Amino acid sequence: QLQASGGGVVQSGGSLRLSCAASGSFGSINVMAWYRQTPGKEREFVALVNSGGETYYKDSVRGRFAISRDSAKTTVYLQMNNLRPDDTAVYFCYVGADTAYWGQGTLVTVSS
């Protein structure tokens with residue numbers, strides 16, 4: 001089970017930190033990631049951290065967002081700084097292990 005939290009309403013230029021805690025048996029986790037989705041659009045990749053600790057970002061968030069995980073590798077975070085209105089979306093956490101797991105989504109709203 002993946003439990004995401006940390007969404008909310010913030011003004012443009014503000015910051016939020018999302019968290020996603022993985023509980024239960026996932027087997028060997030290869031990837032922990034964040035995706036986002038706005039109404040009428042496909043879910044899009046935002047950031048990931050792999051088992052080796054390497055991180056990858058969507059071009060538009062690189063330098064503003066930072067993905068990290070705890071030492072137990074069961075919680076993934078997304079620190080979002082300098083937020084913009086086009087970052088408004090429902091954010092989903094993802095775990096790639098023996099299969100794909102998705103969290104329930106947390107809404108981030110950035111007002112101009």
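Because the structure is a prediction, the values reported are computed rather than measured.
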Identify, with sequence neighbours excluded, every residue that meets side-chain hydrogen bond (donor to acceptor under 3.5 Å, both in side chains) alongside Arg17.
none

Got Leu18 and Trp34 here, is their nearest side-chain heavy-atom distance under 4.5 Å?
yes

Which residue, Val46, Asn81, Leu16, forms the side chain to side chain contact (heavy atoms under 4.5 Å, CB included) with Phe65?
Val46

If I take atom OH from residue Tyr35 and atom CD from residue Glu42, how far apart are they, to the nearest 0.5 angstrom?
12.0 Å

Note, Tyr94 side chain near Phe45 side chain (heavy atom, < 4.5 Å)
no

Could you tell me which residues satisfy salt bridge (Lys or Arg N to Asp or Glu O under 4.0 Å) with Arg43, sequence neighbours excluded, listed by chain and number?
none

By side-chain hydrogen bond (donor to acceptor under 3.5 Å, both in side chains), which residues pair with Arg36, not counting sequence neighbours?
Glu44, Asp87, Tyr91

Counting C-beta onward and ignoring hydrogens, is there a side-chain heavy-atom pair between Phe92 and Cys20 closer than 4.5 Å?
no

Which value, rounded to the nearest 0.5 Å, describes the distance between Ser68 atom OG and Leu78 atom CG?
8.5 Å

same_hphob_cluster(Ile67, Tyr77) at 4.5 Å side-chain heavy-atom cutoff
no

Shared hydrophobic cluster for Leu107 and Val10 (ILVMFWY, side-chain gaps under 4.5 Å):
no

State the OG-CG distance between Ser12 and Leu83, to the nearest 0.5 angstrom.
8.0 Å

Are the side chain of Thr106 and the backbone of Gly7 linked by a donor-acceptor contact shorter than 3.5 Å?
yes

So do Val108 and Met80 actually touch side chain to side chain, heavy atoms under 4.5 Å?
yes

Correct closest heavy-atom pair for Asp70 and Thr74 would be OD1-N, 2.9 Å

May I have the step-by-step check of side chain to side chain contact (heavy atoms under 4.5 Å, CB included) for Arg84 and Ser60, ending in yes or no?
CA-CA 10 Å; Arg84 310 184 311 211; Ser60 65; 4.0 Å; yes

If I compare all heavy atoms of Tyr57 with all of Ala47, which pair ends up nearest, and what's the gap?
CD2-CB, 3.5 Å

Output the distance between atom CG (Leu48) and atom SG (Cys93), rounded to the nearest 0.5 Å.
13.5 Å

same_hphob_cluster(Ile29, Leu2) at 4.5 Å side-chain heavy-atom cutoff:
yes

Sub-3.5 Å donor-acceptor pair from the side chain of Gln104 to the main-chain atoms of Gln3, do we have one?
no

For Val110 and Thr88, the nearest pair of non-hydrogen atoms, with its separation, is N-OG1, 2.9 Å

Indicate yes or no for a side-chain donor-acceptor contact from Thr75 to the backbone of Arg69 under 3.5 Å, with no hydrogens or angles considered.
no

